[in-house]
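The structure under discussion appears below in the form of structure tokens.
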Amino acid sequence: MNYLSALQGMSLEQIRSVIEILQQSSDTYMFILDLTVDTYMVAEKATKRFPFHSIVIEDCSETLKSVIYPADYEMLSVDLEKCRSGEKDTHALEYRWLDRMGRVVWISCRGTVVTGAEGHRLLIGTVSEMGKKAKADNITGLRREARLRLNMESTLRDNPESIRYLMRIGIDNFKEINEKEGVEAGDEVLRELAECILKNVSESVDVYRLVADEFMIVDIGEGTGQDPDHIYKQIQKTIADMVKNKEYSRFYTVSAGVLAEDFSGRTVEELMRFTEFALNEAKRNGRNQMTVFDRRAYDVYLERLDIRKSLRQDINHDFRGFEVYYQPIVSAADYRLIGAEALLRWRNEKYGSVSPAVFIPILEESGLIIPIGQYVLWEAARTCKKWKEYIPEFHINVNLSYVQLYKSDMMRDVEHCIQEVGLDPESLVLELTESGYIETNDRIKELFKDLKSRKIDLALDDFGTGYSNMRYLKEIDAKTVKIDRSFVVQALKNEYDFNIISHIIDMVHSLGSVVCMEGIEEKEELSKMMVTKPDMIQGFYFGKPTSAGQFEKDFLQTTDSP
Ligand code: C2E
Ligand code: MG
Ligand code: MG
């Protein structure tokens, strides 16, 4: 600050005019604080943004109190006192001001003490808004997450009821844009979106850029703000118009997660997590929409995470709490026991017995289905080997998840298992539990071929639940089609579905495959469904899934002992 030496001895008026000239070309706010008589002079533009009632302030201590964030006032006073007393000649502090709307603004204040006319000690310097400088995002010009966190921290502490809502916005296909068109295109989209957002929110609303493709709108309202739904729709429309104007050269949509509730007692971490959850929900629900944070849905999500943790722990403790149950499969010709389906059970200390409908999807999502799938395969293979001593043609059905197909070396695992156990491949049937994935993927097709060539049969599970169709049957070359219980229940209720099942079974037969009908619970159901000519039956009528020991007692030891 060499030029300051030129100011030595100048009158306050003279200094002020120099400052106003310098001020024009700067985006900081210049100031002079006359420490001797406690008078503050600030550049005019600062009075527009902050609650200074004029550019010259004589009751300095009082006015500064309305501009400076209360908690930072003491720290500032101490520093200024040192400048006043001559203990130091420079001032450099980062602290908070409040703008005209009462919102927190982080500023960086730098100044030097010079001696003015009549020997007054004058602190001359600049105030810059930190959000406008390094703390802001270079691509969009918006403030970044660190600033959002600081601002929210103080607002939550001092004025939580002023927060109306937070809206986290994310681009639905940002990764794709970046990958297909390059990072520059991605940056351009971020800039466009920032503009679209700013165009649609009022001045009293803060907008921040978060990580990657996400933005946060914070409405710390004056009671005049628009509701988030309206804002989101406007943003959506602005983007759609822009995409159209650019002749669809690039297409994207945005989703949003909103948090609007009582903010008292909340932490910044919670705000970040809740808005992230709401945004993810919007994306999960199909993207291009806004979701309001729902505590109950969040609790369910947390419980799923906790169940996942318990599953992982139990798997790591040598599959503690897991057990393979077996449900009989009988021949439709004479109701003879010819096989069983291996069905996983899990009992946990905290959660008790959990339904496979709950824990199987969690195992799939987390990839834990791979180790547990191996466990089921080995248990089932060993059990089958043993039971074949009672019934030589006995076969075991093991459910396979698509995650196992895609993410593990299924062929090697299966081969290794049956070799080690000494089970002939014809005794193993792999059931594909979800058919929606059987898209024409070459790797998967290869796997099906390999299994076939090794004489391991495949069954198409869940037939009739909406996913399966005859094309899959051909594609995976499945020997067996398992008609799902829900479809059977429909057929028992109405003739139309009954006829469809009949025709499907005829078709399956004409393709050289066989049908296993699931879910027969009553004798009458059996006699009615037998008309459709299934080849195998699996249902509570013949036996519920049960432990290996119980299965032996109920179904095997009654036959001739080996
Ligand atoms: P799924 O493979 O279709 O298995 C048949 C399900 O129907 C079993 O439910 C069985 O208990 C039930 N069921 C059989 N007969 C009847 C009946 O007469 N009435 C009624 N109401 N239900 C009957 P569970 O054991 O709850 O298993 C549900 C699903 O979980 C299975 O459907 C399968 O998709 C999945 N699953 C179970 N174990 C495994 C496993 O080891 N690996 C994989 N990937 N999935 C598994
Ligand atoms: Mg099954
Ligand atoms: Mg099934």
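Note that ligands are numbered from 1 as they come in the structure, with each ligand's atoms numbered from 1 the same way. Please read these numbers as outputs of a predicted model, since none were measured by experiment.
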Worksheet, complete the sentence: Listing protein N, O or S under 2.8 Å around the Mg ion (ligand 2) gives Glu341 OE2, Asn399 OD1, Glu431 OE1, Asp461 OD2
Worksheet item: How about Phe215 and Tyr208: are their ring centres within less than 6.0 Å of each other?
Response: no
Worksheet item: Is Glu181 salt-bridged to Arg250, cutoff N-O under 4.0 Å?
Response: yes
Discussion item. We want to know whether Asp462 and Thr465 form a side-chain donor-acceptor pair, criterion being a heavy-atom distance below 3.5 angstrom.
Written reply: no
Please output the side-chain donor-acceptor pairs of residues 300-309 that fall under 3.5 Å, not counting sequence neighbours, one pair per line with the distance.
| residue | atom | partner | partner atom | Å |
| --- | --- | --- | --- | --- |
| Arg304 | NH2 | Glu365 | OE2 | 2.4 |
| Asp306 | OD2 | Lys350 | NZ | 2.5 |
| Asp306 | OD2 | Tyr351 | OH | 2.6 |

Fill in: Ile396, Leu343, Asn397 screened by side chain to side chain contact (heavy atoms under 4.5 Å, CB included) with Tyr326, the one that passes
Ile396
Fill in: Polar contact flag, side-chain donor to acceptor under 3.5 angstrom, Asp535-His509
yes
Discussion item. Under 4.0 Å between a side-chain nitrogen and a carboxylate oxygen: does that hold for Glu214 and Arg209?
Written reply: no
Practice prompt. Can you tell me which residue pairs pass the ring-ring contact (aromatic ring centres under 6.0 Å, His included) test with a partner in residues 513-551, sequence neighbours excluded?
Written response: Tyr335-Phe542, Trp387-Phe551, Phe551-Phe555
Run through all N or O atoms in ligand 1 and write down each protein N or O closer than 3.5 Å, as a pair with its distance.
| residue | atom | partner | partner atom | Å |
| --- | --- | --- | --- | --- |
| ligand 1 | 2 (O) | Glu341 | OE2 | 2.9 |
| ligand 1 | 2 (O) | Asn399 | OD1 | 3.0 |
| ligand 1 | 2 (O) | Asp461 | OD2 | 2.8 |
| ligand 1 | 15 (N) | Gln327 | NE2 | 3.0 |
| ligand 1 | 18 (O) | Phe540 | N | 2.8 |
| ligand 1 | 19 (N) | Glu521 | OE2 | 2.6 |
| ligand 1 | 21 (N) | Arg485 | NE | 3.2 |
| ligand 1 | 21 (N) | Glu521 | OE2 | 3.0 |
| ligand 1 | 25 (O) | Arg345 | NH1 | 2.9 |
| ligand 1 | 25 (O) | Arg345 | NH2 | 2.9 |
| ligand 1 | 38 (N) | Leu344 | N | 3.1 |

Discussion item. Taking Asp213 first and then Lys175, would you say they form a salt bridge - that is, a charged N and a carboxylate O separated by under 4.0 Å?
Written reply: no
